[in-house]
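This report refers to the structure that appears directly beneath it.
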Amino acid sequence: MDTATSTVPHDAPVRCMSRGAVFQIELNRPEARNPLGPEMIDALDAALTQALEMPAARVVLVTAAGEAFSAGGNLGNMAERLSAAPGSDGKDPIARGNRRYGDFLRRLCNAPKVVVASVRGAAMGGGAGLVCAADIAIGAQGAKFGFPEAAIGLVPGQILPFVAARIGAQAARRLMLTGERIDAAEAHRIGLLDYHVADPEQLAARTDELLARIVACAPGASAATKQMLHTVLGAKHWWSDELPGYLDEAADTFARQMRSEAIEGVAAARGKRAPNWQQVIAARD
């Protein structure tokens with residue numbers, strides 16, 4: 001691979017590096033396990049725009065700094081989010097923020113360039129959804145995946161279509177309705193990962209081999225193939241016309257959950273105790 005050239009400051013939430021035909025986007029909040037808060041999502045979206053505007057870039061590679069790929073959504077500012085006032089349009093600010101991630105995932109999935117996720121460490125919730133939105137995912141032994149939203153009173157609304165498209169509805173049901181965490185081998189078995197690298201030290205080399213194979217293909221053919229894949233099995237209408245409406249509804253559902261069961265679920269998770277769902281039900285009734 002060509003020498004990497006960084007296009008953003010070293011301490012930015014996302015670092016972008018141009019390596020010949022590869023445009024690398026690296027999540028860069030390792031001290032916090034790369035949470036997908038508003039700042040990170042805005043930076044990811046801006047990085048994707050930059051990649052798409054570079055004619056020389058053939059592949060968008062998504063990686064992460066540190067020991068975790070991404071812990072998912074940032075709930076550290078939950079009290080602040082719950083107290084935020086609605087906008088001038090009356091929209092719940094929690095729903096608006098949640099919907100922002102769906103917009104980014106849709107752009108990433110529909111990008112004409114090939115998107116590869118190279119995963120080391122934990123990818124949870126929205127982090128696992130980011131992996132699923134990529135065209136091809138490669139991960140090392142030691143990577144973990146899971147969708148813990150329902151366990152803390154939330155819903156995986158924005159990521160669900162991308163997860164189900166990658167691993168199928170039944171596998172998505174199993175993981176999302178149990179909160180089960182799976183390792184890289186199981187993720188490979190169910191299709192969440194396309195490639196499983198047994199030796200983590202070989203992840204970078206194996207990723208470079210994969211990138212070289214992609215770059216060897218014709219760029220126009222690759223873009224056309226991606227577009228055609230959205231038309232199979234009647235998916236074109238869903239992805240082009242119905243997905244935005246689904247994501248709007250999912251964002252509203254997320255906001256309702258954040259303001260109800262998630263208050264107890266997140267408090268329980270932070271207190272390392274089991275949530276008292278019956279108390280929530282009694283208070284609601």
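- Cys132 and Phe162 get closest at one heavy-atom pair: CB-O, 3.7 Å.
- Between Arg99 and Asp103 there is a salt bridge, with a side-chain nitrogen of the basic residue lying less than 4.0 Å from a carboxylate oxygen of the acidic one.
- Under a hydrophobic clustering in which Ile, Leu, Val, Met, Phe, Trp and Tyr are joined whenever their side-chain heavy atoms come within less than 4.5 Å, directly or via other members, Leu175 and Ile159 fall into the same cluster.
- Look at Arg174 and Glu186 and you find a salt bridge, because one of the NZ, NE, NH1 or NH2 atoms lies within 4.0 Å of a carboxylate O, short of that distance.
- Within 6.0 Å of the CZ atom in Arg100, the count of heavy atoms belonging to other residues, nucleotides or ligands exceeds 12.
- The residues Asp92 and Arg259 are annotated as salt-bridged, a charged nitrogen and a carboxylate oxygen being separated by less than 4.0 angstrom.
- The CE atom of Met176 sits 6.5 Å away from atom CD of Glu149, with the distance rounded to the nearest 0.5 Å.
- Using a 4.5 Å heavy-atom cutoff, the side chains of Asn110 and His230 are in contact.
- More than 12 heavy atoms of other shown residues, nucleotides or ligands fall within 6.0 angstrom of atom CD in Glu242.
- Within a 6.0 Å sphere centred on CD of Glu201, other residues, nucleotides and ligands contribute 12 heavy atoms or fewer.
- Summarising the geometry, atom CD belonging to Gln257 is positioned 5.0 Å from atom CD belonging to Glu261; distances are rounded to the nearest 0.5 Å.
- Distance check, rounded to the nearest 0.5 Å: OG1 of Thr63 to CD1 of Ile138 gives 12.5 Å.
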> When you look at Asp89 and Arg96, which way does the side chain to side chain contact (heavy atoms under 4.5 Å, CB included) test go after all the steps?
Replying inline: CA-CA 11 Å; Asp89 59 357; Arg96 185 184 301 107; 3.0 Å; yes

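- With values rounded to the nearest 0.5 angstrom, Phe104 atom CZ is found 6.5 Å from Asp45 atom CG.
- By the side-chain contact (heavy atoms from CB on, under 4.5 Å) test, His188 pairs with Leu193, His196, sequence neighbours left out.
- The side-chain heavy atoms of Leu61 and Phe23, taken from C-beta on, include no pair separated by under 4.5 Å.
- Annotation: Glu180, atom CD; neighbour count of heavy atoms from other residues, nucleotides and ligands within 6.0 Å is above 12.
- In this model, a donor atom of one side chain and an acceptor atom of the other lie less than 3.5 Å apart for Arg107 and Thr49.
- Interatomic distance, OH of Tyr195 versus CG of Leu203, reported as 13.5 Å (0.5 Å rounding).
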>> Between Arg166 and Asp194, is the salt bridge (charged side-chain N to carboxylate O under 4.0 Å, His left out) condition met? List the steps.
In response: CA-CA 10 Å; Arg166 174 169 277 276; Asp194 299 292; 3.1 Å; yes

>> I'd like to know whether Leu82 forms a side chain to side chain contact (heavy atoms under 4.5 Å, CB included) with Ile263, so could you lay out the CA-CA distance, the side-chain angles of the two residues, the decisive distance to 0.1 Å, and finally the verdict.
In response: CA-CA 9 Å; Leu82 288 172; Ile263 296 174; 4.1 Å; yes

> Does the side chain to side chain contact (heavy atoms under 4.5 Å, CB included) test come out yes or no for Leu130 and Tyr101, once each step is laid out?
Replying inline: CA-CA 10 Å; Leu130 175 55; Tyr101 192 45; 3.3 Å; yes

> Would Ile214 and Ser222 satisfy side chain to side chain contact (heavy atoms under 4.5 Å, CB included), going step by step from the backbone distance to the final call?
Replying inline: CA-CA 9 Å; Ile214 295 170; Ser222 295; 5.5 Å; no

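- Using a 4.5 Å heavy-atom cutoff, the side chains of Val22 and Arg58 are not in contact.
- Checked for salt-bridge contact, Asp208 and Arg19 meet the test: a charged N lies under 4.0 Å from a carboxylate O.
- Ion pairing between Lys91 and Asp252 holds under the 4.0 Å rule for side-chain N and carboxylate O.
- Under a 3.5 Å cut-off, the side chain of Asn34 and the backbone N or O of Arg29 do form a donor-acceptor pair.
- Atom CZ of Arg81 is surrounded by more than 12 heavy atoms from other residues, nucleotides or ligands within 6.0 Å.
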